[in-house]
Amino acid sequence: MAAEIHSRPQSSRPALLSKIEGHQDAVTAALLIPKEDGVITASEDRTIRVWLKRDSGQYWPSIYHTMASPCSAMAYHHDSRRVFVGQDNGAVMEFHVSEDFNKMNFIKTYPAHQNRVSAIIFSLAAEWVISTGHDKCVSWMCTRSGNMLGRHFFTSWASCLQYDFDTQYAFVGDYSGQITLLKLEQNTCSVITTLKGHEGSIACLWWDPIQRLLFSGASDNSIIMWDIGGRKGRTLLLQGHHDRVQALCYLQLTRQLVSCSSDGGIAVWNMDVSREEAPQWLESDSCQKCEQPFFWNIKQMWDTKTLGLRQHHCRKCGQAVCGRCSSKRSSYPVMGFEFQVRVCDSCYDSIKDEDRTSLATFHEGKHNISHMSMDVARGLMVTCGTDRIVKIWDMTPVVGCSLAAGFAPR
């Protein structure tokens, strides 16, 4: 069922500890069981499985439960051992796992959505199960009564969800590229604000309640950090992935952001540095360097008897420039550009060699990643995707051993 790769890291990159195989279709969610050598997985093959590590070092399923519909999302609350599974048919099902993780009892079904469930969060304090779905809504239901408490609809599929347990604020990302901040009440909700910055659908969100930072990943291959607590509208752009950003986890202790993309890319971003905001792109009818007209500036083209040029933008200063005045390419990590981007000639000359020093590390997961979760205390990460494989990683070589402080080695 599963192969143990090696038990101790050998280099400063994620160390693959185990690979779990056995699902017959895409694995939509995989969650590490805290303080246990175990993983809970949900799959399009309509099964929920609990995998426990045996003395041989391999993971074997101690629970194998078949659902009525493909599983699309999952949440697990360890203290109460409650599992919530979202399905393709829109229902959310609740289970209780036994203390030895060998039995799972059905509790109830929540008719949360009319279409595929995309994300689930359980609040023990409120006794709510909050979920988003492809029926373009976020819903919250009472786990005591099973009744629907409220719904809020969007203009496109709701794709991901984060929740602040203290303030009852919900962050919902959707396929239009917008993030909506809602204040949830017992039977109603109010829209606080909307965040727009991505050029593609939002695939994942991560909320850090300590620093009050929201991170979003999208199909435009980029990540945006939204400084919600700063109240100044500060945003930071992070570009380094070459495919859709599917999963995020911010490590508050070490000020690092871990991100995964669908091509298997794993990035660790250093957020404990002073970063610059990417500028807004300026608009102009002519190059802001050489003043040559752009191709839509008919009047200046006629007056100067010249052909119009195509408009580009310098990623460092935001000015509208022609191709001749922006012939250079450079990385500029302090602004989030980890690979080479277009810059104007004057900005290129102003960038020093030390300014090109990377502020992130990039690694290959070597499988499709559609979901990732971490056990921060132990420095472990689990990834899964459409290739039906679940991988367990030791991230301490990359994110620092301080994460595991106070925990004895297994």
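Along the sequence shown, residues carry numbers from 1.
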Test item: [X] and [Y] side chains (from C-beta on) under 4.5 Å apart, heavy atoms:
X	Y	value
V129	E94	no
R315	Y332	no
I266	V398	no
R81	H96	yes
S331	F337	no
Q311	E283	yes
T304	Q292	no

**Message:** Other residues, nucleotides and ligands only: do more than 12 of their heavy atoms fall within 6.0 Å of NZ on K366?
**Reply:**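 Check fails, neighbour count at 12 or below.
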**Prompt:** If you count the non-hydrogen atoms of other residues, nucleotides and ligands that lie under 6.0 Å from CD in E185, is the total more than 12?
**Reply:**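 Yes, the 6.0 Å shell around CD holds more than 12 heavy atoms from other groups.
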Mind checking the [atom1]-[atom2] spacing from [X] to [Y]? Nearest 0.5 Å is all I need.
X	Y	atom1	atom2	result
Q246	C260	CD	SG	9.5 Å
Y110	M93	OH	CE	11.0 Å
C344	R324	SG	CZ	14.5 Å
L248	S373	CG	OG	13.0 Å

Counting distance only, does the side-chain N/O of [X] pair as donor-acceptor with the main-chain N or O of [Y] below 3.5 Å?
X	Y	value
E277	T235	yes
S72	G86	yes
D243	S262	no

**Message:** Whether R356 engages the ring of Y348 as a cation-pi pair (distance to the six-membered ring centre under 6.0 angstrom, angle to the ring normal within 45°) should be assessed.
**Reply:**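 Relative to the ring axis of Y348, which defines the angle, R356 lies inside both limits.
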**Request:** Measure from NZ or CZ of K305 to the centre of the six-membered ring of W302, then state whether that distance is under 6.0 Å and the direction lies within 45° of the axis.
**Result:**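 Positive - K305 is close enough to the ring of W302 and near enough to its axis.
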Show the nearest heavy-atom pair for residues [X] and [Y], with the distance to one decimal.
X	Y	answer
C160	I202	SG-CG2, 3.5 Å
H113	G133	CE1-N, 3.5 Å
E338	P333	OE2-CB, 3.4 Å
N270	R275	O-NH2, 2.9 Å
R46	A68	CD-O, 4.0 Å
I210	Q252	CG2-NE2, 3.7 Å

Name the orientation class of the two ring planes belonging to [X] and [Y] (parallel below 30°, tilted from 30 to 60°, perpendicular beyond 60°).
X	Y	result
H134	Y175	perpendicular
F95	H65	perpendicular
W269	F362	perpendicular
F294	W296	tilted

**Prompt:** Pick from T193, I192, L195, L213: which one makes a side chain to side chain contact (heavy atoms under 4.5 Å, CB included) with I228?
**Reply:**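 Of the listed residues T193, I192, L195, L213, the side chain to side chain contact (heavy atoms under 4.5 Å, CB included) partner of I228 is L195.
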**Message:** So if I apply the side chain to side chain contact (heavy atoms under 4.5 Å, CB included) rule between M374 and each of L32, V258, V382, L31, which one comes out positive?
**Reply:**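 Answer after filtering L32, V258, V382, L31: V258.
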**Asked** Can we say K391 and D387 salt-bridge, meaning some charged N sits less than 4.0 Å from an Asp/Glu carboxylate O?
**Response**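 The answer is no: the pair does not qualify as a salt bridge.
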**Prompt:** With the threshold set at 4.0 Å, does a side-chain nitrogen-carboxylate oxygen contact exist between R82 and E127?
**Reply:**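 A salt bridge is present here (some side-chain N lies under 4.0 Å from a carboxylate O).
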**Request:** Please test F171 against Y169 for ring pair (Phe, Tyr, Trp, His ring centres under 6.0 Å), starting from the C-alpha separation and ending with a verdict.
**Result:** CA-CA 7 Å; F171 301 88; Y169 285 168; 7.2 Å; no
**Asked** Given W140 and M148, is the side chain to side chain contact (heavy atoms under 4.5 Å, CB included) satisfied, shown in steps?
**Response** CA-CA 6 Å; W140 54 108; M148 177 72 70; over 6 Å; no
**Message:** The test is side chain to side chain contact (heavy atoms under 4.5 Å, CB included); show your working for C204 and V245 and say whether it passes.
**Reply:** CA-CA 7 Å; C204 54; V245 181; 4.1 Å; yes
**Request:** Report the residue from T132, T28, D174 that forms a side-chain hydrogen bond (donor to acceptor under 3.5 Å, both in side chains) with S118.
**Result:**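 Looking at T132, T28, D174, the match for S118 under the side-chain hydrogen bond (donor to acceptor under 3.5 Å, both in side chains) is T132.
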**Request:** Could I get the full list of side-chain hydrogen bond (donor to acceptor under 3.5 Å, both in side chains) partners for Q162, not counting sequence neighbours?
**Result:**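 None.
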